[in-house]
Amino acid sequence: MNKKQVIRKLEEIAIYMEIKGENPFKISAYRKAAAALENDARAMDEMEDLTKIKGIGKGTAEVISEFLVTGDSVVLQALQQEIPATLMSLLKIPGLGGKKIAKLYDELGIESIADLKVACEAQEVQKLAGFGAKTEEKLLSGIAQLELRAERHAIWEIEPIVKKINEWLSTSEDVQQYAVAGSYRRVNETSKDVDFIVATSAPQALKERLLATLDIHEVVAAGDTKVSVVLTDNYMPVDFRFVALQEYATALHHFTGSKEHNVRMRQIAKARGEKISEYGVELVDGTMKTFTSEAAFFHHFDLPNIPPALRVGHEEFERTNFEQLIQHKHIVSDLHMHTTWSDGANSIAQMGDALQQRGYTHAVITDHSQFLRVANGLTPERLDEQRMEIEKYNQAQQNFRLFAGTEMDILPDGTLDFSDDVLQRLDFVIASIHSSFNQSQQEIMARLHNALSNPYVHMIAHPTGRIIEKREGYQVDMPQLVAWAKEYGKILELNANPYRLDLCEAHLRLAMEADVPVAINTDAHAIEQLDYMPLGVQYAQKAWVKTDLVVNTWTREQFETFINRQK
DNA sequence: GCCGTTTTCGGCCCGACTGTTTTCAGTCG
C-alpha cells in the first residue's frame, strides 16, 4: 500500500467513526494523522519512526504499519463489520452528519440514499425525535440536488462567477468593502463553494437586495450575518458574510484560511491568553482588538503578512524566506500571448497598449505556428510580415518594447514546425505540444527533448497540457523534463490561464529545487485575459516560487541578455 | 487518539444557522 492509499484508509476510518458516533476528538485524531502523512514530503519507506511525526501517536502509527504490511487493519475491519458501507454516501446529503445518519440507521434501518428517499416519502423520518417535517423536505430536496450538482467546482468555472459578483458588489449601495475568500482566494484548483466577505452598515437591506437581484436557484440559509444561496449559474453554492467595517480584516482572514491554518492561528493566540474569532482578537483583559488590514492582524502575532495562497496550516508557520517569494508587483512582462494574426481577439497595437496600462516594460507576441491550421497558425512569410508590424509599433513607444516570438508546435513525429533558419530570426521561441496527446511517455519525452535541445528554443509552454478536472494531459516524466531544462538552460512555463495552471504546484516545486527558471504567462487570447497574471502569481506562491527564478520579473536588459545567448 | 515551558490527565478552535426545541443539538465551515 502506498502513502496515498494509507491516507485514504485513515480518512475512511474517521468517516466510519463519525457514523458510529465515536468521540469527536478520536475521529479528528485519525484525520490529523492522515494530514500529518500528507504534509510530510517523505515517501512511506523513508519514514522510520512514525510516532516522531506530530499528530501520529502509538495508536495511529500501529494502524498505519498494519496497512503497510497487510493492506488492511483490525480497526477498519471491525468498523466495516458494524456499519454498512452504503451509509457513507449519506454524508453527501446537506444537513446529514454522523449522528443523524446513525439515528436513521438504528431506528429505521436506512442504509442507503434510496432507502432514505423511500422513508422520507412515506413520512417516516419526521416521526423520529430531533427530526421534523421540514427536515424531511430538506432531505428530499438534498437528494434531488445531488444528482444535479457537481461536488467540487473547477477554478475556471468559478472565476467568471466571482468576476460577476465582484462587479455587482462594486456598484452596490451599502457596501463598504468586499472580497472573495475561501479556497478560491487560496487559489485551490477546485472548491466546493464560493465565499464572499462584505463590510456593510446595512446588512438587512443588502441581504434583501442580494436575494432579489442575483439569479438564485435556491436559498439555503438567510440569517442576519450569513446568506447561503445556490446560483442558477452551474448550481454554484455561494456564501455571503456581512460584517461591520472594523471586523472586516479578521473576518476575511477567518474565511480565507484553511481549517488547519485557522486552528494553528487560534492555538498561537491561545498560548498568549488571547482568542481569535471572525470579529477580532479578544485580548487577555477581555477587550476586543480589531485591525485595519490582514497584515496588521498577522503583525499582532509577530507573523509576516502570509499570502492567502499559503494559508494551509503547514509550511507558512515554519518557513521564514517570505522575502524571496514571488509577488505580483515584481512582474514586468508577459511572454506568451496571441493576436488577430492567429487565434487572438485583439491586434498587436491593442495588446501592446493594454500591456503598458498594466505597467509592463516589455512583452512577447507569440502567435501559433503553421501546423495549427484551426488556429490560423503563421507561415514563415506571415511571421516576417508580423515582425514588421511589431517593429512599427515599437518605434512609436517610449519605455516599452514588444518582442517578436512564436508559440511553435512540436509535431507528432517530434520535429519542430519551423526550421532553425526561421527560428533564428525571432526574438523568443516557445515550443508546445498541441497534438497526439495519447502517445507513450517515451514518444512524448522524445518530442520534448527535441525541442529542449534546439539552441533557438527558449521555453516550453504548458508542459503537461492538462486541463484542470477535464483532461489529464500527456505523459510527461517531469523530473526528466526539469533535468533537461536545467541542462539546456531553458525556461518552463507556469501558464496562468485558470483552465491550465500548468506547471502544477508539485511540478513547480521540482523546478525550484533544480533552480530552473519559470515564466508565469497569461497565454492571453484577448486583452481581458492579460488579467490572469495575478492568479498565476498567487498559484506560484503555493509552491514557494522565488522571485529571482521568475523570468518575467527580470528587467528588459536581463531578458535581452538571456534571449541573445544563442546569437 | 494525541499531546505536554499549565507534562501522564484533561483538555482538544470558534461561531452561525436551522429546526426542533422550550434551552439546545446537530451540522457546517
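Each chain gets a letter, A, B and so on, in the order the sequences are listed, and its residues count up from 1. Side chains included, hydrogens not; waters and symmetry mates left out as well; all remaining heavy atoms used.
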In whole Å, what separates the [atom1] atom of [N] from that of [M]?
N: B:dT23; M: B:dC28; atom1: P; result: 25 Å
N: B:dC9; M: B:dA16; atom1: C1'; result: 33 Å
N: B:dG10; M: B:dC17; atom1: P; result: 36 Å
N: B:dC2; M: B:dT6; atom1: P; result: 23 Å
N: B:dT20; M: B:dT27; atom1: P; result: 13 Å

In 5'-to-3' order, the base (B), backbone-only (S) or no-contact (-) status of each nucleotide in nucleotides 19-29 of chain B, using a 4.0 angstrom heavy-atom cut-off, is SSS----SSSS
Scan residues 58-81 of chain A against DNA chain B and write down, sorted by residue number, each residue with any heavy atom closer than 4.0 Å; if none is found, say none.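 Here the set is A:Lys58, A:Gly59, A:Thr60.
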Of the non-hydrogen atoms in A:Gly536 and A:Ala496, which two are nearest, and what is the gap between them?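 Closest approach of A:Gly536 to A:Ala496, heavy atoms only: CA-CB, 3.6 Å.
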Looking only at heavy atoms, what is the nearest atom pair of A:Arg186 and A:Thr256, with distance? NH1-O, 2.7 Å
Salt-bridge criterion met for A:Asp531 and A:Arg358 (N-O under 4.0 Å): yes
Hey, is A:Lys546 close enough to A:Glu513 for a salt bridge, meaning N to O under 4.0 Å?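 Salt bridge between A:Lys546 and A:Glu513, a charged N being under 4.0 Å from a carboxylate O: no.
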Is the distance from OP1 or OP2 of B:dA16 to the nearest side-chain N or O of A:Tyr279 less than 4.0 Å?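 Indeed, a polar side-chain atom of A:Tyr279 lies that close.
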Heavy-atom nearest nucleotide on DNA chain B for A:Ala222 versus A:Ile276: which residue maps closer to 5'?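 Nearer the 5' end of the strand: A:Ile276.
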With DNA chain B as reference, determine whether A:Ala29 or A:Asp224 sits nearer its 5' end, using the nearest nucleotide of each. A:Ala29
Going through the distances and angles, do A:Tyr248 and A:Leu252 end up as a side-chain contact (heavy atoms from CB on, under 4.5 Å)? CA-CA 6 Å; A:Tyr248 178 74; A:Leu252 184 58; 4.0 Å; yes
Look at the rings of A:Phe301 and A:Phe297 and say which category their plane angle falls in: under 30° parallel, 30 to 60° tilted, over 60° perpendicular.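 Aromatic pair A:Phe301/A:Phe297 classed perpendicular.
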What's A:Lys54 touching, base or sugar-phosphate or nothing? Going by heavy atoms closer than 4.0 Å. sugar-phosphate
Classify A:Gly55 by what it touches in the nucleic acid, base, sugar-phosphate, or nothing, heavy-atom distance under 4.0 Å. sugar-phosphate
Can you tell me the distance, in whole Å, between the [atom1] atom of [X] and the [atom2] atom of [N]?
X: A:His253; N: B:dC14; atom1: NE2; atom2: P; result: 14 Å
X: A:Lys32; N: B:dC2; atom1: NZ; atom2: P; result: 11 Å
X: A:Ile268; N: B:dC14; atom1: CD1; atom2: C1'; result: 16 Å

A:Glu274-A:His300 side chain donor-acceptor pair, cut-off 3.5 Å: yes
Are A:Phe322 and A:Trp544 an aromatic pair by the rule of ring centers under 6.0 Å?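 Ring-ring flag for A:Phe322/A:Trp544: true, centres closer than 6.0 Å.
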Whether the side chain of A:Ser170 engages the backbone of A:Glu167 through a donor-acceptor N/O pair (distance < 3.5 Å, no angle test) should be reported. yes
